[in-house]
Each structure stands twice: as structure tokens, then as C-alpha cells.
Amino acid sequence: MQVEALSLGAVAVSGLLFGRIPRWLAASAGAIAVALGVGYTISTSFQTAPTLAWFLWMAVASVTLFVQAPRNESSVQPAHRAVAAGAV
């Protein structure tokens, strides 16, 4: 469960920071990540509910991101990279 909690936490942070997925999807990933972490620490029957929420989130995220219209290339901003002088 720790791997699922960490991966959903990473999805939540990157989704909220960069906005590539809907904010409600990123926020729900963060809430489920916290619940998975708590369920893993408590290690009781509470662990079942966050696991089922994780499965549900995966299904909803798959459908949402599949149905979501693709973004135009013109709306995507390239990352700004600082390149050292003389670097190839």
C-alpha cells in the first residue's frame, strides 16, 4: 500500500502544480493517498476502504483522461531550461 500511496501522492502534487489533469482528479488522488498512508500505518480493517477507493480512482481517472479532449500543441508551453555556456 505504501507504493500506491506514494504514487498517488506524486500524481496529486504534479497535477495540482502543473495542471495536466483536472484539479478534482488531482485533489481526490491526494485524499486517497493520505487515506492509504493512514490505513497502512494503522494496519487494521480500515485498509480495505482506501484500497477500494484507489481502484475506483484508477477506473475514473482512466475514463476521464481517455474522454478528455487532447490539448493543442500551441497551448503547451515548453519547459525553460538554463543551459550552461559551452554545454552541448
Side-chain angles (χ1 to χ4, degrees):
M1 289 303 121
Q2 211 168 13
V3 172
E4 288 88 354
L6 290 174
S7 64
L8 270 182
V11 167
V13 168
S14 65
L16 291 173
L17 286 179
F18 301 111
R20 291 298 206 171
I21 63 173
R23 298 232 183 254
W24 63 268
L25 198 57
S28 63
I32 294 171
V34 169
L36 279 168
V38 169
Y40 178 76
T41 347
I42 293 176
S43 186
T44 61
S45 62
F46 176 72
Q47 196 170 7
T48 305
T51 304
L52 292 176
W54 177 70
F55 285 131
L56 179 65
W57 186 89
M58 291 295 285
V60 169
S62 299
V63 171
T64 301
L65 296 176
F66 180 76
V67 172
Q68 185 179 20
R71 296 178 185 261
N72 295 346
E73 290 298 319
S74 62
S75 68
V76 176
Q77 298 294 325
H80 297 288
R81 291 186 175 180
V83 179
V88 178

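Since the structure is predicted, the reported quantities are computational estimates derived from the model, not experimental observations.
- Across Gly15 and Arg23, no two heavy atoms sit closer than the pair O-NH1, 3.6 Å.
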Validation: residues 54-65 side-chain donor-acceptor distances under 3.5 Å, sequence neighbours left out:
| unit_1 | atom_1 | unit_2 | atom_2 | d |
| --- | --- | --- | --- | --- |
| Trp57 | NE1 | Leu25 | O | 3.1 |
| Trp57 | NE1 | Ser28 | OG | 3.1 |
| Ser62 | OG | Met58 | O | 2.7 |
| Thr64 | OG1 | Val60 | O | 2.7 |

Side chains of residues 7-14: which donor-acceptor pairs under 3.5 Å do they make with residues two or more places apart or in other chains?
| unit_1 | atom_1 | unit_2 | atom_2 | d |
| --- | --- | --- | --- | --- |
| Ser7 | OG | Val3 | O | 3.1 |
| Ser7 | OG | Glu4 | O | 3.0 |
| Ser14 | OG | Ala10 | O | 3.0 |
| Ser14 | OG | Val11 | O | 3.3 |

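- Nearest heavy atom pair, residue Ala5 against residue Gly37, reads CB-N, 4.0 Å.
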